[in-house]
2 protein chains.
Amino acid sequence: MEKNVQNDPKYLHTKSKMNYGVSVDCVVFGFDENDLKVLLIRCDLIPFKHLFSLVGELVEADENLEDAANRILCNQTSLNNIFLRQVKTFGTVDRHPYGRVFSVAYFSLVKVSDYKLTNGKKPNEAHWHEISKIGTLAFDHNIILQTCLEALRNQVREEPVGFELLPEVFTISQLQNLYERILGIELDKRNFRKKIMKMKILIEHDESQSNVSHRPAKYYSFDKVRYEKLKKEGLIFEL
Amino acid sequence: MEKNVQNDPKYLHTKSKMNYGVSVDCVVFGFDENDLKVLLIRCDLIPFKHLFSLVGELVEADENLEDAANRILCNQTSLNNIFLRQVKTFGTVDRHPYGRVFSVAYFSLVKVSDYKLTNGKKPNEAHWHEISKIGTLAFDHNIILQTCLEALRNQVREEPVGFELLPEVFTISQLQNLYERILGIELDKRNFRKKIMKMKILIEHDESQSNVSHRPAKYYSFDKVRYEKLKKEGLIFEL
DNA sequence: ACAAAAGTGTTCGCTCTACACCCATGG
DNA sequence: CCATGGGTGTAGAGCGAACACTTTTGT
């Protein structure tokens with residue numbers, strides 16, 4: 001249960017009894033100060049040895065797809081209630097060298113601060129990789145990653161999901177920076193602030209930054225409850 | 001090959017050897033004058049006898065997912081090169097009464113004029129059903145239908161896919177009507193024309209309607225090549 | 001006092017919306 | 001000549017893009 005089934009030696013054996021396999025592969029995005037990152041694990045499956053792969057495992061026979069995605073994510077990150085969104089299912093015949101395995105791709109957004117490395121207490125632990133520095137991945141995982149990145153870019157503009165990547169409390173500049181990095185474009189500071197403020201979905205805190213050698217920024221947090229309420233009343237999130 | 005595998009008596013037998021099954025279920029949309037319609041077949045599987053279901057079959061072991069979707073669609077409609085888009089994969093454990101079957105949902109857009117009923121030459125042929133008059137469907141197909149309808153509503157606004165539902169040659173009013181029916185809202189005639197005309201993705205024909213007891217409308221067709229070119233140059237389709 | 005990022009308003013052009021009348025045809 | 005849907009323009013409001021200087025803090 002704790003292991004990555006695709007990397008389990010028993011997997012080959014299992015396979016012979018199997019017409020189909022269905023796995024969940026999850027692109028776990030994190031945002032660390034300035035960079036968009038993805039959780040990757042080392043793949044020790046034969047043709048892909050020494051390559052990295054996405055977090056993924058086979059779905060159990062008695063397990064709902066959504067539950068599998070949550071379990072797999074929870075196993076790898078030790079985090080519960082993580083933002084998770086299904087993106088696309090990949091099903092070419094030859095995408096897995098050991099048999100016919102469909103992959104349902106999800107992307108997930110975690111606060112890097114919440115995700116603690118166990119530093120070797122778990123074997124083959126996942127690590128963060130800067131998205132711009134990712135080379136060839138195992139299986140068709142480069143394509144899956146690309147597809148999920150595009151899905152994230154779309155999502156982030158029309159739903160307030162970016163907050164999932166930030167700490168509970170953040171500055172407007174951090175938020176703007178997040179958007180700039182994800183979308184790969186520069187945004188105007190004043191217009192960005194106006195836009196986000198007009199939506200009235202941020203809670204302004206009393207505290208500000210301290211120990212910064214410039215004017216300290218105010219802290220804000222995302223008001224999810226208020227957002228849901230405003231959405232019902234017709235608010236359209238757009239950035 | 002020609003049959004619906006889910007409806008094949010051998011299916012039960014097959015199932016016992018199967019850990020997983022993966023099927024494609026396709027919401028085939030058509031637009032007939034004034035109404036958005038969906039192709040449905042009668043389901044003769046035991047707990048769902050006499051209910052309708054979406055067009056769907058199991059994916060073959062040696063068949064790519066996309067190919068399966070095309071094959072299934074082609075079998076049911078005798079049409080090739082149909083617009084097809086993957087929407088979501090449904091994978092609750094109990095969604096199929098005979099075993100664990102994942103379903104990859106697609107929606108597809110066909111010109112009703114192209115789709116000819118064989119009038120009983122094929123057993124259990126699919127028929128058009130008005131979307132507003134669809135009752136309980138087999139399996140979780142009501143949810144799949146709803147999900148695909150929402151996907152269509154989103155797609156149609158940001159990509160020129162609506163044309164797939166119209167004849168090659170159409171009037172602006174027909175196009176507007178299509179949008180109004182799909183989106184369930186009324187649109188202003190003048191503003192709609194301005195918007196669509198400004199994009200310059202329609203070819204104006206010399207012919208007009210004839211035998212209509214009012215001013216005849218001009219015919220247009222969608223210029224796909226031009227659209228692709230303009231898109232590369234930065235055109236954003238939006239309606 | 002200097003460096004560094006925070007914070008703040010206004011103008012202009014464009015786009016969206018609302019809205020009413022004449023036109024071409026068949027019966 | 002009447003009924004029917006086709007086709008057209010304009011004015012006002014709101015929105016997005018561009019743009020520069022002052023503020024607050026640490027060193």
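In what follows, every heavy atom counts, from backbone to side chain, and hydrogens, waters and symmetry copies are set aside. Order of the sequence lines fixes the chain letters, A, B, ..., with proteins taken first and strands second; residue numbering starts at 1 for each chain.
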Quiz item: Could you state the NZ-P distance from A/Lys218 to D/dT25, rounded to the nearest angstrom?
Solution: 12 Å
Self-check item: Nucleotide D/dA18, atom P - distance to CZ of A/Phe192 in whole Å
Solution: 16 Å
Exercise. Tell me which residues in residues 156-180 of chain B put a heavy atom below 4.0 Å from DNA chain D, sorted by number, or none.
Key: B/Ser173
Self-check item: Annotated protein contacts, base or backbone, on nucleotides 20-27 of chain C with a non-hydrogen cut-off under 4.0 Å, one of B, S, - each
Solution: B--BBBS-
Exercise. Name all residues meeting the salt bridge (Lys or Arg N to Asp or Glu O under 4.0 Å) criterion together with A/Glu66; count only those two or more places apart in sequence or in a different chain, and write none if there are none.
Key: none
Practice problem: Round to the nearest Å and state the distance from A/Leu202 atom CG to C/dG7 atom C1'. | Solution: 15 Å
Exercise. Would you indicate which nucleotide in D/dG16, C/dG7, D/dG6 comes nearest to any side-chain atom of A/Lys198?
Key: D/dG16
Quiz item: Parallel, tilted or perpendicular: which fits the ring planes of B/Phe83 and B/Phe107, with parallel below 30° and perpendicular above 60°?
Solution: tilted
Quiz item: Just by distance, with hydrogens left out, do A/Asp25 and A/Ser103 show a side-chain donor and acceptor under 3.5 Å apart?
Solution: yes
Nucleotide N/O to protein N/O under 3.5 Å, stretch nucleotides 10-12 of chain D:
{"unit_1": "D/dT10", "atom_1": "O4", "unit_2": "B/Lys194", "atom_2": "NZ", "d": "2.7"}

Quiz item: Can you list every pair that meets side-chain hydrogen bond (donor to acceptor under 3.5 Å, both in side chains) and has a residue in residues 229-239 of chain A, with sequence neighbours left out?
Solution: none
Self-check item: Distance in Å, B/Arg71 CZ paired with B/Asn80 CG, rounded so as to fall on 0.5 Å steps
Solution: 13.5 Å
Quiz item: Are B/Phe170 and B/Tyr220 near enough that their ring centres are under 6.0 Å apart?
Solution: no
Quiz item: Does any pair with a residue in residues 191-206 of chain A pass side-chain hydrogen bond (donor to acceptor under 3.5 Å, both in side chains), and if so which ones, sequence neighbours excluded?
Solution: A/Asp188-A/Asn191, A/Asn191-A/Lys194, A/Glu204-A/Lys218, A/His205-A/Ser221
Quiz item: Rounded to whole angstrom units, what separation is found between the CG atom of A/Leu187 and the P atom of D/dA18?
Solution: 11 Å
Practice problem: Specify whether A/Phe237 and A/Tyr227 have parallel, tilted or perpendicular ring planes, treating 30° as the upper limit for parallel and 60° as the lower limit for perpendicular. | Solution: perpendicular
